[in-house]
Every structure is written in C-alpha cells, then in structure tokens.
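Structure record follows, encoded as structure tokens.
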Amino acid sequence: MSFFHPESMHRVSLFFRFDDAPLLSVILAKSGVFEACHAEGVDDSFPERQGVAYRRIFQHALSNWQKINHFLALTAEHSVPSKRTISKTELLNMDHRLAEMWKRCLQYREDKRHLDKQLETNRRLFKALTHFHQLDFNLSDLKDHFVHLDVRLGIIPSGHLNRLRQALSIEGYHLSNYLKEGEKIHIIVAGVRSNTDMIQPLLESAAFHPLAVPREFSEHPKVIYQHLQEQEHELQQKKQFLQTTFVQLQEELGPKIVAMTESLLLARSYALLSQYMCRKGQLMTLQGWVPERKKQHLQACIENGLIHPVVIKERSPRNDEYQQTPSYVKHPQWLTPFTALVNNYGVPGYREFEPTWLFTISYILMFGIMFGDVGHGLGIVCLGLVLRHKLPKFFSFFMAIGLSSTFFGFLYGSIFAFEHELPALWMSPMHDPMLMLVLALGWGVSFIILLNLLSIYNRYRQRDFSEAIWGSKGICGLWLYLSILFTLLLLAQSQFQTYHLGILLLPILAISIFKWQKGQSIKSYAERLLVIMIETYEIVINYLSHTISFLRVAAFTLNHSALAIALFTLADMTNGAGYGVVVILGNLFILVLEGAIVGIQVLRLEYYEGFSRYFKGNGFPFNPIQLSAKPLADIKK
Amino acid sequence: MSRMARYSYLNTLIAILAQSLFSPRQISQLLPQSLQQLSETLQNRGLANVLEPLSQAGNRLLPAGNMDNLFLSVLLNECRSITRAVSGKEQVFFKDWVRRFELQNIKTILRGKSLNHSVEKIRNELTHMDSFSVLPIDELLHCDDINEILALLNKTPYAAIAGYSQLHYEQKQDLFSVEASINWQYYNGLEKKLRLLASNDKNQIQPLFGAFIDQINLTWLLRYRLIYKLSASHTYFLLVPGGRYLKPAQLMALSRVDSLTQIFPILPENLRQQLRCDKSKLQQLTQKQSNQPLEASTKPQPSAEVDNILLIEQCLESHYLQQAYQVLKMQSFSLAKAFAYLLIREKQLFQIHALLKGKLLNLADAQIALAMGEGL
C-alpha cells in the first residue's frame, strides 16, 4: 500500500456457469472488493445479455420499499444478510407484496388528504359564516333552485379571479367575491341557467371548488355555528382515528419492511451485476476491477462459495485504460477531513500522485504560520473537543490546526494577542517583517518547485513523456521557472546584462516550439502564433503571480500582530473600565474571523497555486459492490 | 449603474453568439445543399457538437430523442452563458424561459404514466436539461399514478404549477386539463417575472415577448375552439395575459369564433396585414397540403383546420421573429437583445434540425421547406 498514489488495480475476467450468476453476485458483493465494469472484447463471443426483467422488478420493488420506508419514517437498521440467492419468482412476490403495502400507504395518504381538506373546508365555512352574518345575507336563497337563475358558491385561487370574471362575462354570468384567505378567494357566481353546461368546464379549469352549503345554513346563524362545531368535532375524531391507523400501519408494515431489506440487499447484487454480465448458452462472463493485494481474497471467496468451477483471468491495466481504472486510496481515519477537502477539488486519477499527505502537512503548517497564537490555537483545540460528538469527522482537523497554531504561537511568543507576555522561542513577526516576507517567498519558491517536480512525475507515470519534458509544467516549465528566478536575482543584485536574456528565452523557445507542434489543429499560422504568444505570456505571468501569492503567508502572520495592536489600542481607549470586555470580545473576533479567513486563504493557496500546477483530479473512486455498506434507502434507483 | 456598464458583458456575449446565426436568406440557401456541404456550413456556426455524433453514426438518422437532445444541448449551453451574464430578477426570467423545455419533460412523464409506458421508454423520450434540471426525474419515473407525480412536483420549484394542476386533475381526472393548466400557469408565471424586471428592461422586452404571447394565444385559441370545441368562455380563460396586439377585448371577441374565416375581421390591423401578406403563400401551402384554400373553407374539416392553424402559427412566428431580428440589429446593451437572440437561435436550431432530418431521410426539398416553416 502506498501513501502517495492509488493502489495497484487488476482487471479480472470471470467465466462461470449461467446458473451460478445469482450466487456469484452475492459472493462478489459479500467480498466487498469487486467493482464491475463493462466487458470488453466479448461482444461476439458472448452476445447475449442477462437479467433485464430481474432488474426491472428489482427497481420497482426498491422504489416501493424506499417510498414506504420514507412514508412510514422507518429507521430500523437491517442486519448483514446471509449468503443466499433471491430467485426471480421470490423477487416478484416481494414486489407484489411491496406494491400492496404501498397501496395501503397511498390509501392512508388519500384519506388523510381528504380529511385535511374537509377540516379546511369547515374552517372556511366558519369564516364564511361570520362574513355572511355581517352582510345580513339570506343563505337559504343559495340553496333554492331558481328556474332561470344559476347561483353557485365556491373557492378559487385568487390569481384566477380577474380572468374568470372576464371569461364568465362572455356567457352572461356575474362573479362576486366576498372573502379572501391567503391565496384562495371565496366567490359567488350567478347567471342564466341555460348556460350552465357552458360554464361547468370553465369553472373546473379555474380550479373552482364548490362550497357545500350545509342544511343549517338556512337556519339561524347560531344553529349553523353549532352544526359546524359538531362537524369539527366529528372530523377531529376521524383525525385521531387516522393517527391510530398510521401507528398501526407502522407497527404492521415496519417489521415486514425490515424483513424484506435483507432479501432486497441480496437481490440488489444480482440486479446490479447482471447488467455487466454477458452470456453465451450456459457460459457467462463478468469483468471488473479488484485491488491487486485483494486478489487472493476474492479468489478464495469465489472458490469457497461456489460448487462449480470459475475461471478467473486477471491482468494489469493497459496504458490506454488508465482513464477507466478506478482509484483506490485508503487513509487513516484521522485524515478524513483532509481527504474530503482534496476530493472537493477532484479524485486522483489512477496514475496520479495522491496529494492527501502533502496537502495535510502543508495545510497544517501554513495555518500555524499564518495564525500562530498559543491562546487561539488552544481555543481551536477546545472547539474541536466541544464539537467532537456533533462533528466527529472534523475532530482531527480542529486538533491538527489548533496544535499547529499553538506551536507557532510559542515560536512567536503570542498568547491571546498579547505579544510581550510570553517569551518568544524565535521572534515576534513584527520584529522583522522583511525577514518574514523573504521566508514566505522562499517557502513559495520551494513549494512551486516541489509541485513542478510532482507534475513531471505525474506525466511520467501517465506515460505522457512529451508533456513531462517539453510542457509548461514539465522539465522545460521548471527550467523556465528557475530561469525567471535567476533573472530576478540578477536584477536585484544589479548584475543583469543583456545576454542574460538568453537564459530566459531558451526555455520559452522550447515551450513555444512544443506548443506549435501541439497546436496544429489551428490552421492559420498567424492565429497559431498569436495563441502561442498569449499562452507563453500567461505561463510566465502565472509563475510570477503564484510565487508572489505566497507573500500572503507572511502578510497574515503580520496581520495577526497588527490586529493585536489594534485590539489593545481600543482596549486602552476605554480607560480601564471596559478593558477586559474589549480584550475578550476582540480575541473572540480574531479567533472567529481571522481563523476563518486564514483557513480559507490556506485552502486557496493549496487549490489554486498548488493543485492547479500538478493535480488533475479527473479520476473516479473505487466503488466496489457491497452488501451492507450503504442502507438501501440511500441507493439511487 | 448605467445600462452600458451593466450589460457590457451580455452585449459582447450576444454579439459573439449572434455570429453563429443565419440571416433568413442564408437559411433558405441551406435547403439545396448536400449533407457534405451542410456539414461544412454548420461547422462554422457552433454546431460541431451536433455534427460529430451524426458523422460517427455514418450520417444515419439518430434516434429521435438523441437528435432532439443534441440540438437542445447547444441551446442550453448558450442559455447557460447568458444566465451567467445577468443576475437577480433578470437571471430568474431567463432561467424560467429555459424551463419551457423541462415543462415538456413533466408532460412526457404524465403522458407516459397515463399510457402505462415503461420507465425506460419514458426516460428515453425525456429532454436532457443538464444543469438547468430541477426535477427529481428518477422519483417521478417511479411514481405509480398521476396524483403521486403531481404530489411530488409540489416539492419542486414547480410547486405552484403542480398545485393548480392537482386541483384540476382531482376535479376532471383528464390529462388535457392538467396539461392546459401547466401551460397556463407557466406562461402566467413567466409574464409575472417579466413584470418584476426594472422598468427599462421590461419596456424593451415587452413588445417582443408580447408578440410571442400573441402567437401562443391565437394558436391555442384556435385549437381549443375549433379542434377541441371548448366553449368561448373556457377558451378565453385558458389564454395568457401579456399579449402585444391581442388585448383582452380582442381575445374575448376571438374566443367566440366558430371558424377560421371569422378571425380576420376581429384581428388587429397589423396582425391582419401580416396574415394577408402571407395569404398567397399560405394558400399555396394549404393547397399543397389539403387542397382546401383558407378562405374557401366555410366549415373546415378538423384535419384542414389543424393544417391551417399550423400555418397561422408559422405566420405569427415569422412575425415575431422579424421583430426579433430588428431588436437584435438595432438594440444594444439591453436584455431584449439577449431575448431576441434566444428566440431566433431556437427557431434556427429547429429549422436546421428539420433540415438535417429531412436530408437524412432523403425527403424532397419542398417537404423539408414545409417542415422548416420556410417560404413564409
């Protein structure tokens, strides 16, 4: 196992009997070291494809399982499944049972929705009643069936009001609104009865919800009110009943769902792997990736698990296969937060330098340098301890940067922004700002040279020799960078002579010729020349700007001391009364704001000045099929 | 901030993108070209991505969905650049404009589910919206019925549209009302977003947007009245506000028509002019298609009506596209310029799509021209 590049992978081809496919799938999933890939070179010899119907049933069953799980808010965890296969018939039965269960859930949901609607209608009627009472409106009129007049009462979305009013006017109807509730509006529609058929579809399109006028509405308002209260009571009872039904559903379906989880997990392995399997008659083949050091384990799992023989062929990835080879990287647990930050930029390719260790060390180091303070460092450590249960993955991150900050705090003699209370093991940055700037520049130059070497190494490993030698991030690029540095040194010492330009021009010429060769797709010579000139200029500028960018390491070191001076100036201005308060609040301000800014600035240096120089991050992680690594609820259909 | 400062990037971007547009004359000149010549011409118009899969397939017709998605991806990429060049309400407007295509996905899923199509079949018919996609496609595809789909849509940015559509579905249980409601809600929402723009931007886009809405309204109106036989009031209700020439009074009057011939006296003068200008071409094309001239049809048969409505749709489309060309040419540093570009580009991509498809199927040039809406 290497810390600095993904583990060596092997491509394995398995040849096995057709009827062993389901069991082999389970064995492969249980081994946890096999990632299937599309088979190559077997289209003619193994033309048949497998498991289409099985996959469709599985997906349907999984979909229903997930919906029920989500609907019933089930959280029960499933056990690690045993090693058995799920036949298509068993899966189909399970799918039917799940479909039935989901139907029951849907029925419950519909009942609940209707009840909610009834409750809402009742609430509206309460409101409407008050409104009618104020208007002294004879409600029994609404229920009378006039011979020539069609009168309706109902609710529409308020956005439809004007349009509906205009549309109804075409048919000679009149619309009047009398109550607005949020996005809904209560209306009365009246018109000539002969046009009833014409307006019915219109009202439906306008989402007109007719309000059922209770018989009590023709009575005295007090009686109506009492009736509505009774109705409300009845509905509340129904609601309670529905709640009980939900609990019953949970209790009844919950264990069944949990019991099916194991079967679904087992079925999943064949459903997933069957799409990569190719068949001819009784023989099948499956191809995939396995870490080299897990080969034996996989072989043992297959041989112990299957009765019939399996032919296993394996080989290293070919040169043209690196883009398709997954990257398997394993780091200690405490590196998880740093790995997450690296993966946020990109996953290292199979033949690429794995930058997590370099990233971690340089991040911790730069954070400490830029935010060196014993008090603040220990503050971050305490923060990590306090949040260790809420953010367990970031515990090591807080510890590492906190301790680094503490260490540099001792070197600078800085504690809670007090610059003279603690004897410095080295010196306070403010004592010699120029030295700090020179050291930061030196760190930047060394870092960029190291990254360029890594870039050459990456290109060498990817067999891209021309880029490794002639590219702007290859040997010629490094040569150019060293030439720029040498020229700047000569200029600084006033020893620059015109012929020294040659030192700079030679690598530029080499890179330009290389780019000229590469840019042959640009037909026009003038255009190609212009593009190369701009790109070469950009390379030089990038080297300079990236180097200067590292001055921010010193700038933030000085910034910390400057903030401390500002803080104590403010504290002194309070004439003793609020000194303590200002110092405490100021320290909190520095800890939170400067700490966050430094964290982001270091990340910026790592990403833009660091990764952009050597790390493509265009790989994809090794993702072996597993039986229990991921709950079924998280699986995408 | 001045308009010039605010839209300088957008203006430059549109100027660059507009180089890939054809003039109406150039589009006509594409028709007689061979596939080889077309490839060379289109290569220089930012369509290399479309041509590559075609040439890889040996210049054979790709499956319909793939072909549509290739062309749409060109448009979406450009829309992405345009939405990045603006911010705030302007960005919301353009993003909502692009959602027209995703709306089609909702309808495809609804139709597919109502016809009990398999998940794979429906998925193949969907449009790839790339980063513009906000729909949980997988979950939608695995819904069991229309109600479940609409309930799920309620949790997406399409909640407003889905909410009303759900009400319609509950009441009528038919897909037509759901789709009509989706269309209505969408264009209403778009018009509201337009009204939220700064007054300068709004005033500049409004005429072009209004002309676009006029085309939609008149086409829907004729379809609802003459094909689906909806009542006048129902038809009027399903039209959207914000038209340029067709104001509510005209729409109300138009909603009462019973045949195509009755629309001409009611139409505003400029639209009538536009349709008259195209009348002779319209008649020729109509005769080619159904041997039934527009004005001779006293009681049009449904199939003839469909053809004629399509032609009227194309006439009005060419009307707003003429305006879009004017806006693109005359205006600078404005949102209207970007909107005009999108309208023209969409139409031209559709025309090139039809042209390539026709050529690959060895259709006659006249048929391809008809499909492209050429000659109007």
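Quick note: numbers below take in every heavy atom, side chains included, and nothing from hydrogens, waters or symmetry partners. Proteins get letters first, then strands, A, B, ... in listed order; numbering begins at 1 in each.
Of all heavy-atom pairs spanning B/W184 and A/G159, the tightest one is CH2-O, 4.4 Å. Scanning all heavy atoms of the two residues, the minimum distance from A/A167 to B/S233 falls at O-CB, 3.0 Å.
Residue B/N188: no heavy atom, backbone or side chain, is found under 4.5 Å from chain A. Looking at B/V240, only its backbone comes within 4.5 Å of chain A, counting heavy atoms on both sides. For B/L251, the part sitting under 4.5 Å from any heavy atom of chain A is the side chain, from C-beta outward, and nothing else.
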Walk me through it: do B/S231 and A/E171 pass the test side chain to side chain contact (heavy atoms under 4.5 Å, CB included)? CA-CA 9 Å; B/S231 69; A/E171 308 295 349; 4.0 Å; yes
Quick one, B/D144 with A/N64, criterion side chain to side chain contact (heavy atoms under 4.5 Å, CB included). Give me CA distance, side-chain angles, the key distance, then yes/no. CA-CA 9 Å; B/D144 286 339; A/N64 278 336; 3.8 Å; yes
Apply side chain to side chain contact (heavy atoms under 4.5 Å, CB included) to the pair A/S205 and B/L238, showing each step before the final yes or no. CA-CA 8 Å; A/S205 277; B/L238 292 173; 4.2 Å; yes
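Considering CG of A/L168 and NE2 of B/H234, their distance stands at 11.5 Å, rounded to 0.5 Å. Taking CD of A/Q66 as the start and CG of B/D138 as the end, the distance is 10.0 Å to the nearest 0.5 Å. Here CD of B/E139 is found 8.5 Å from OG of A/S63. Values are rounded to the nearest 0.5 Å.
Within the structure, side-chain hydrogen bond (donor to acceptor under 3.5 Å, both in side chains) contacts touching residues 155-166 of chain A (residues at least two apart or in different chains) are A/H160-B/Q185, A/R165-A/N177, A/Q166-B/Y236. Judged as a salt bridge (Lys or Arg N to Asp or Glu O under 4.0 Å), the pairs with a partner in residues 147-166 of chain B (not counting sequence neighbours) are, in order, A/K67-B/E148.
Residues of residues 97-104 of chain A having a heavy atom under 4.5 Å from any heavy atom of chain B, listed by number: A/W102.
In terms of the ring pair (Phe, Tyr, Trp, His ring centres under 6.0 Å) criterion, residue partners of A/H186 (sequence neighbours excluded) are, by chain and number, A/Y178.
More than 12 non-hydrogen atoms from other residues, nucleotides or ligands lie less than 6.0 angstrom from NZ of B/K202.
Between A/R56 and B/E120, the closest side-chain pair of non-hydrogen atoms falls below 4.5 Å.
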